[in-house]
Colleague: 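Below is a structure I'd like to ask you about.
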Amino acid sequence: MLHGHAQRSPFPLLQTTNPKTLFHFIHFSSQSQSQSQSRHFPLHSTLSSLAEPLLRRDPPENSSYAAVFQFLTGRSLLRLGRQVHAHMALRSLEPDAFVGAKMIAMYASSGDLDSAVTTFNRINNPSSLSYNSIIRAYTLYGFPQKTIGIYFRMRSLGLKGDNFTYPFVLKCCADLSNVWMGICVHGISLRIGLEIDMYVGTSLIDMYVKCGEISDAHKLFDRMIVRDISSWNALIAGYMKNGEIGVAEDLFEGMARKNIVSWTTMISGYTQNGLAERALFVFDKMLEEDSGVKPNWVTIMSVLPACAHSAALERGSQIHKFASKIGLDSNVSVQTALVAMYAKCGGLAEASQCFDRIPLEKKNLVAWNTMITAYSSHGRGLESISTFEEMIKAGVQPDTITFTGLLSGCSHSGLADMGLKYFSCMTKAYSVEPEVQHYACVVDLLGRAGRLVEANKLINNMPMQAGPSVWGALLAACRKHRNLEIAEVAAKKLFILEPDNSGNYVLLSNMYAEVGMWKEVDNLRAMLKSQGMRKTPGCSWIEVNGKAHMFLGGDTSHPQAKEIHVFLEALPEKIKEAGYVPDTSLVLHDVSEEEKEHNLTTHSEKLAIAFGLLNTSPGVVLRVTKNLRICVDCHTATKFISEIYRREIIVRDVNRFHHFINGSCSCGDYW
DNA sequence: GTAGGGTTAG
């Protein structure tokens, strides 16, 4: 009978185990697995004394096993857990609701969800406790639908659930953004008197926050009798995600005690709302205050995008060093955030170094995507492709973002044929359906090659509605190839799809200006004005000695403004000797050529570059960031500057990177 | 047990 049972069992080690080997196994594993910790934690002796009743001849009780499973939970001792399970089965002990719950927790925490589920299904009379274990397991493994299904099955059996059930069920409603389900579960928890429970209450706040119902979340917060730091944190996160940073700040300041999550919430809130400076400031303040909070990997991950956003390479690498010092740089998520940060700060070499340091088996989809996208935005299409092929070789399944990176990489490097090849086979070979953004990349790809009619045809045959990204790509291509006819078609679509984007009006207006159609230019400018829109002011910044210096177009407010302007006034003559011809075609005003030239010398990117040249030693790479696309004249001028002054200049514009070296740019003059 | 999270095209 015993033997038969063993053969039916889904647990592979069942047949080979007897009490004696179990003892040896416990003895051996506890010694080998904990050699380094044994001085601090007596794992071996604890486990031996817990397991001791199991090894006696008299039949042990379920509860003895429960203690062992509980001890094994969260220790990643899956083999040992299986041995204990097998030992139990050999003694014909069927897990009851209680031991079953502990076994489920052990399996789930050891990464074996299948065994957890099998265990659950074999429990004869599951209790709330057994349901809680499987609900927790399904939630942590990211199966919210399953969790909710199990929860309602539990309710149908007349089990109400307790304060351990509802936080997970609510988390699932939150993950699904299903506010109706959330309200339903809220109602049930209210009826059974659990709303006032601290954990249930916090989970309810979180659920309403994640469903975008911030006022309901706040009402709940006000009703809570006992609040925890977590309740505050959940609400603060809501106001930051919401964009109501002021409210979040007030709540944060009003907290009697703050923990690392409170600080991290504020930092990531600032980052996500584009307030990079504030994010970095709060990060510093947290470290200075010495309030006993210790940054963890989420903190580092939240602060790095702030460096990326403001292109603060020096700040970013300082934080990198800090993360290494406190031992957080071996975390894949931190490493991935580092890759993204370095790439966005113009440090492609550092980015790929960080990527190389991630062990192959730890490189996940996000890590690969980040590196592919990094190469792509730097115009290194061939590297994008080879990284993609390595990813496939490593057995990681690509997703929609992978192909966005890959295709835009091909287009940025002029690899039209490669891009089209990947686009045409992505469904068949990689099971990824093309989406709007992939069409946008292909339109860009064809547009770059001057195949505008083909691009237009592709748009008309798209299986879905063409979005602003697609028409935007076509419009940009038309500007480059001076095709006013198709440009007008694309622009008209864009005026409807994104009426508030002044960039589209400016682009078309520039095209009219190029061919001297000043009446149309005026019409467009009148349209902009009547709709209360203004051209987004151009703005560039550069980091020198760890400090960012920002310039607006025509800016004279910088302390060194005079010096900069003297330099820029003299610049055209200097680079004209090397062949520079000022390109005034894009200056909007219908004014004299001389005046146009002056307009050009005050573009924000030129101011930043001039400042960089004046304040750094020869050989230092200049890294400039601009909030719009770099203009044609600045692009040309920068190429000459890189040659005459023998400087490497890296400009990040709103779309991509430009590496200027020895008179040429990595974008191949198409952007 | 609850709260904080990295990768997306013009």
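In this text the structure is predicted, and so the values were computed from the model without any measurement.
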Colleague: Within the structure shown, what part of the strands sits under 4.0 Å from A/Y439 by heavy-atom distance: base, sugar-phosphate, or nothing?
Modeller: nothing

Colleague: Does any N or O donor sit under 3.5 Å from an N or O acceptor when you compare the side chain of A/N296 with the base of B/dG4?
Modeller: yes

Colleague: Can you identify which nucleotide, out of B/dG1, B/dG10, B/dT8, has its nearest atom closest to the A/F164 side chain?
Modeller: B/dG1

Colleague: A/Q70 CD to B/dG1 P: how many Å, rounded?
Modeller: 10 Å

Colleague: Expressed in angstrom and rounded to an integer, what is the separation of A/R448 atom CZ from B/dA9 atom P?
Modeller: 17 Å

Colleague: Could you check whether A/W297 gets within reach of a base, just the sugar-phosphate, or nothing at all, counting any heavy atom under 4.0 Å?
Modeller: base

Colleague: Mind calculating the distance between CG (A/L475) and P (B/dG10) to the nearest angstrom?
Modeller: 13 Å

Colleague: Counting only side-chain heavy atoms from C-beta out, which of B/dG5, B/dA3, B/dT8 sits nearest to A/I401?
Modeller: B/dT8

Colleague: Keeping the roles fixed (side chain from A/H378, backbone from A/G346), state whether a donor-acceptor pair exists under 3.5 Å.
Modeller: no

Colleague: Look at all strands and tell whether A/N259 reaches a base, only sugar-phosphate, or nothing, counting heavy atoms closer than 4.0 Å.
Modeller: base

Colleague: Check step by step if side-chain hydrogen bond (donor to acceptor under 3.5 Å, both in side chains) holds for A/Y239 and A/H218.
Modeller: CA-CA 10 Å; A/Y239 283 110; A/H218 206 138; 2.6 Å; yes

Colleague: Can you tell me how far C1' of B/dG10 sits from CD1 of A/I486, to the nearest Å?
Modeller: 16 Å

Colleague: From the options B/dT8, B/dG10, B/dG6, select the nucleotide whose nearest atom is closest to the side chain of A/M301.
Modeller: B/dG6

Colleague: Picking from B/dA9, B/dT7, B/dG5, which would you name as closest to the side chain of A/V366?
Modeller: B/dT7

Colleague: When you measure only distances, ignoring hydrogens and angles, does the side chain of A/D228 come within 3.5 Å of the base of B/dA3 through a donor and an acceptor?
Modeller: no

Colleague: Using only atom types and a distance under 3.5 Å, with no angle test, would you say the side chain of A/S384 pairs donor to acceptor with the backbone of A/I372?
Modeller: yes

Colleague: Which part of the nucleic acid, if any, lies within contact of A/K344, taking any heavy atom under 4.0 Å across all strands shown: a base, the sugar-phosphate backbone alone, or nothing?
Modeller: sugar-phosphate

Colleague: Between B/dG4 and A/K210, is there an OP1 or OP2 to side-chain N/O distance shorter than 4.0 Å?
Modeller: yes

Colleague: Measure CG/A/N369 against C1'/B/dA9 and give the value in whole Å, please.
Modeller: 13 Å

Colleague: Under 4.0 Å between any heavy atoms, over every strand shown, what does A/S230 touch: base, sugar-phosphate, or nothing? Just pick one.
Modeller: base

Colleague: With sugar-phosphate meaning primed atoms plus P, OP1 and OP2, does A/S203 contact a base, only sugar-phosphate, or nothing at under 4.0 Å between heavy atoms?
Modeller: sugar-phosphate

Colleague: Among the nucleotides B/dG10, B/dG5, B/dT7, which one has an atom lying closest to any side-chain atom of A/P468?
Modeller: B/dG10

Colleague: Could you tell me the separation between the CZ atom of A/F252 and the C1' atom of B/dG4, rounded to a whole number of Å?
Modeller: 12 Å

Colleague: For the pair made of CD in A/Q437 and P in B/dT8, what is the distance, rounded to whole Å?
Modeller: 12 Å

Colleague: Among A/Y375, A/F355, A/F388, A/F403, find the residue that satisfies the ring-ring contact (aromatic ring centres under 6.0 Å, His included) test when tested with A/W368.
Modeller: A/F355

Colleague: Which residue pairs pass the side chain to side chain donor-acceptor pair (under 3.5 Å) test when at least one of the two sits in residues 298-310 of chain A, sequence neighbours left out?
Modeller: A/T264-A/T299, A/N296-A/T299

Colleague: Looking only at side-chain atoms of A/N655, point me to the closest of B/dT7, B/dA3, B/dG10.
Modeller: B/dG10

Colleague: Is the shortest side-chain N/O distance from A/H412 to OP1 or OP2 of B/dG10 below 4.0 Å?
Modeller: yes

Colleague: Can you figure out which of B/dT8, B/dT2, B/dG1 approaches the side chain of A/T202 most closely?
Modeller: B/dT2

Colleague: I'd like to know if the side chain of A/Y151 and the backbone of A/F168 have a donor-acceptor N/O pair within less than 3.5 Å.
Modeller: no

Colleague: Under 4.0 Å, counting only non-hydrogen atoms across every strand here, what does A/S302 touch: a base, just sugar-phosphate, or nothing?
Modeller: sugar-phosphate

Colleague: Before accepting this row, confirm whether a basic side-chain N of the pair A/K480/A/D669 lies closer than 4.0 Å to the acidic partner's carboxylate O.
Modeller: no

Colleague: Assess whether one donor atom and one acceptor atom, taken from the side chain of A/E498 and the base of B/dG10, lie less than 3.5 Å apart.
Modeller: yes

Colleague: OP1 or OP2 of B/dG5 less than 4.0 angstrom from a side-chain nitrogen or oxygen of A/S333, does that happen here?
Modeller: no

Colleague: Ignoring backbone atoms, test whether A/K241 places a side-chain nitrogen or oxygen under 4.0 Å from the OP1 or OP2 oxygen of B/dG4.
Modeller: yes

Colleague: NA contact type, A/N331, heavy-atom cut-off 4.0 Å: base, sugar-phosphate, or nothing?
Modeller: nothing

Colleague: State which of B/dG10, B/dT7, B/dG5 makes the closest approach to the side chain of A/V298.
Modeller: B/dG5

